[in-house]
Amino acid sequence: MAAFNEFGLTGPVIRSINNMGFEEATPIQERAIPVALSGQDLIGQAHTGTGKTAAFGIPMVEFFDVDHEQIQGVVLTPTRELAIQVAEELNKIGQFKGIRALPIYGGQDITRQIRALKNRPHIIVATPGRLMDHMRRKTVRLNQVRIVVLDEADEMLNMGFVEDIETILTEVPEERQTLLFSATMPGPIQALARRFMRNPEVIRIEGKQVTVANTEQSYIEVEERQKFDVFCRLLDIQSPDRSIVFGRTKRRVDELFDALTKRGYSAEALHGDLAQSKRDLVMRRFKEGTIEVLVATDVAARGLDISDVTHIYNFDVPQDPESYVHRIGRTGRAGKPGVAITFVTPREIYQLRVIENMTRKKIARMPVPTIKEVIEGQQRLAVDQLLQAVENGDAGNYKTLAEGLLEDNDAVTLLSAALKVLTKETDRTPVTLTEERPLRMRQDKYLSPGKRGYSRNASGKKGPARNSGHSSPRGKSRFGSRSY
DNA sequence: AAAAAAC
């Protein structure tokens with residue numbers, strides 16, 4: 001691996017990198033940074049958790065003129081949480097050079113954002129809808145932009161987003177650099193991306209598998225109605241300090257969160273129907289460790305870098321293989337070990353094969369954990385807690401109490417009682433969640449590379465234009481008409 | 001076919 005001082009970066013940027021504790025460049029950084037610094041367009045694909053943000057952030061900060069107080073860079077992300085996180089990291093990279101990044105996203109008071117824009121950020125990190133709002137209000141000017149980054153690029157170019165991207169790009173100079181990054185990049189999306197890039201260099205960090213090797217992947221076959229009980233057993237056996245469980249729909253996430261809370265687990269829900277203030281609060285509490293189980297939709301599937309998430313549970317099979325890759329990529333980051341367990345109903349086994357086929361990795365079957373294992377797990381936890389307290393050596397205040405107790409009781413009886421008290425009794429009140437319909441994954445896209453289900457016209461629209469409020473201000477799109 | 005993304 002290369003050291004960061006091999007890229008010819010200037011002092012303040014090197015200092016920031018050192019300050020952040022980065023020592024050696026990851027493979028994607030090693031290959032992408034020189035290309036980005038040369039001014040060339042770039043499609044960068046690398047595994048989850050391998051430092052893609054710094055791979056585009058370092059060249060941006062290096063490249064930008066701190067005295068030119070205009071927006072020189074735009075990073076687009078698919079979720080608000082990711083915009084916040086990326087802006088934070090860019091600010092760290094820019095700290096000694098004085099390059100400022102500002103997150104711009106929906107659900108936040110717009111007048112506050114307008115005030116923040118008066119601080120003259122060099123980079124904005126935005127979700128598309130709110131950025132377009134600012135464009136219409138003329139509160140952001142994009143005519144000085146030199147670099148545009150699509151983070152989670154395949155998602156940003158998916159239907160539902162691509163028209164917004166197109167609109168935003170109409171206000172960015174054509175003489176710009178366009179950088180795309182993601183852990184997944186389906187062929188048709190990459191082809192679409194080239195339409196508004198200029199001779200991009202494609203950098204793929206090859207791995208035999210798409211997923212991260214240090215994450216242990218398994219699945220449990222279980223009937224829909226047994227899922228919740230089996231999930232609780234797993235939580236009791238594994239007792240992760242910080243885990244994420246993904247549900248398929250917002251309602252599902254709400255129900256799962258309610259049920260977990262009723263059983264006494266420390267959980268919170270995260271999905272797009274919650275107020276942004278609530279989303280921010282949940283994220284903050286999850287990061288600080290107050291919440292053990294984050295119950296989320298795919299809003300949390302991509303990009304979020306939360307340290308020490310050890311377990312990912314797919315309560316429902318993800319909608320597509322890309323989603324699976326990104327979801328389980330919330331663990332096993334920066335070389336740490338991770339565990340990913342997916343619940344599959346008998347009717348959905350085929351969907352699991354589709355995922356295995358795409359990731360080129362077999363997902364091991366795990367038997368349904370038994371009550372006996374749960375009890376053993378909980379007892380093990382009680383013993384661990386006790387031994388941890390011994391190791392901490394801070395129970396001195398209890399010695400007199402203990403000696404008194406030992407006068408009338410024998411040690412084994414006392415210790416057994418202590419362990420019994422420490423052992424968490426699980427509430428087994430039956431909980432019924434609303435049944436989900438089994439997933440029917442689109443198969444054509446993943447199983448027959450020659451005949452994929454993407455039938456778009458030049459503008460990326462499928463069928464007649466919808467969502468006319470998002471269309472280009474010029475009426476006719478320039479997207480696809482650029483002559484590269 | 002769901003979620004995300006503006007008010």
Side-chain angles (χ1 to χ4, degrees), chain A residues 74-86 103-114 124-140 150-168 182 184 244-256 269-277 279 283 295-304 314-324 326-327 347-348 350-351 354-355 434 436-446 453-454 460 462-463 466-471 473:
Chain A
V74 174
V75 181
L76 297 169
T77 67
T79 66
R80 298 165 180 180
E81 285 73 17
L82 191 53
I84 296 167
Q85 176 187 295
V86 170
I104 292 284
Y105 54 92
Q108 198 194 34
D109 180 14
I110 196 158
T111 57
R112 196 176 127 194
Q113 275 175 6
I114 293 168
I124 55 172
V125 185
T127 49
R130 180 54 72 88
L131 176 56
M132 291 191 298
D133 196 353
H134 280 286
M135 285 162 57
R136 268 187 293 278
R137 293 164 184 256
K138 308 271 183 218
T139 44
V140 294
L150 300 190
D151 198 9
E152 305 298 337
D154 55 332
E155 177 70 0
M156 301 311 285
L157 295 172
N158 246 328
M159 284 181 306
F161 270 126
V162 71
E163 290 177 38
D164 294 352
I165 302 303
E166 180 186 351
T167 302
I168 291 163
S182 185
T184 52
I244 305 176
V245 51
F246 286 98
R248 196 178 298 159
T249 63
K250 290 178 276 200
R251 182 173 79 170
R252 181 77 149 177
V253 164
D254 280 333
E255 290 187 2
L256 190 47
L270 187 76
H271 62 66
D273 275 357
L274 301 172
Q276 192 55 40
S277 52
R279 287 169 62 169
M283 284 300 292
V295 192
T297 59
D298 273 340
V299 70
R302 282 177 177 259
L304 296 186
N314 290 312
F315 194 76
D316 300 310
V317 178
Q319 296 292 334
D320 49 57
E322 283 83 11
S323 169
Y324 177 84
H326 289 280
R327 282 181 178 188
R347 290 172 66 184
E348 290 171 327
Y350 183 73
Q351 318 306 333
V354 175
I355 291 168
T434 309
E436 284 273 301
R437 295 228 308 275
L439 176 66
R440 302 287 311 156
M441 200 180 283
R442 280 182 48 170
Q443 301 154 15
D444 53 344
K445 183 174 159 191
Y446 305 104
Y454 282 85
K462 196 176 161 192
R466 52 180 182 85
N467 234 356
S468 57
H470 286 183
S471 67

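Naming convention: chains lettered A, B, ... in sequence-line order (proteins, then strands); numbering from 1 in each chain.
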Mind listing the closest non-hydrogen atom pair of [X] and [Y] along with its distance?
X        : Y        : result
A:Gly107 : A:Gln276 : O-CB, 3.5 Å
A:Ala126 : A:Leu131 : CB-CB, 3.9 Å
A:Arg327 : A:Val317 : NH1-C, 4.3 Å

Distance, rounded to the nearest Å, where [X] contributes [atom1] and [N] contributes [atom2]:
X        : N     : atom1 : atom2 : value
A:Glu163 : B:dA6 : CD    : P     : 15 Å
A:Met156 : B:dA4 : CE    : P     : 14 Å
A:Gln108 : B:dA5 : CD    : C1'   : 15 Å
A:Met135 : B:dA5 : CE    : P     : 18 Å
A:Phe315 : B:dA2 : CZ    : C1'   : 17 Å
A:Gln351 : B:dA1 : CD    : C1'   : 12 Å
A:Asp254 : B:dA2 : CG    : C1'   : 15 Å
A:Asp320 : B:dA2 : CG    : P     : 13 Å

Between [N] and [X], is there an OP1 or OP2 to side-chain N/O distance shorter than 4.0 Å?
X        : N     : result
A:Arg327 : B:dA3 : no
A:Thr127 : B:dA4 : no
A:Arg80  : B:dA6 : yes
A:Ser323 : B:dA3 : no

**Report entry** Proximal nucleotide (of B:dA1, B:dA6, B:dA4) relative to the A:Arg136 side chain
**Finding:** B:dA6

Report summary line: Side-chain contact check for A:Arg279: nearest option of B:dA2, B:dA6, B:dA5 is B:dA5

Query - Approximate separation, where rounding is to 0.5 Å, of A:Asp298 CG and A:Thr249 OG1 - result: 11.0 Å

Query raised in the report: How would you label the contact of A:Arg251 with the nucleic acid (heavy atoms, under 4.0 Å): base, sugar-phosphate, or nothing?
Result: nothing

Query raised in the report: Per the atom types in the model, does the base of B:dA3 pair as donor or acceptor with the side chain of A:Arg302 at under 3.5 Å?
Result: no

Query raised in the report: Does the side chain of A:Asp316 come within less than 4.5 Å of A:Glu348's, by heavy atoms?
Result: no

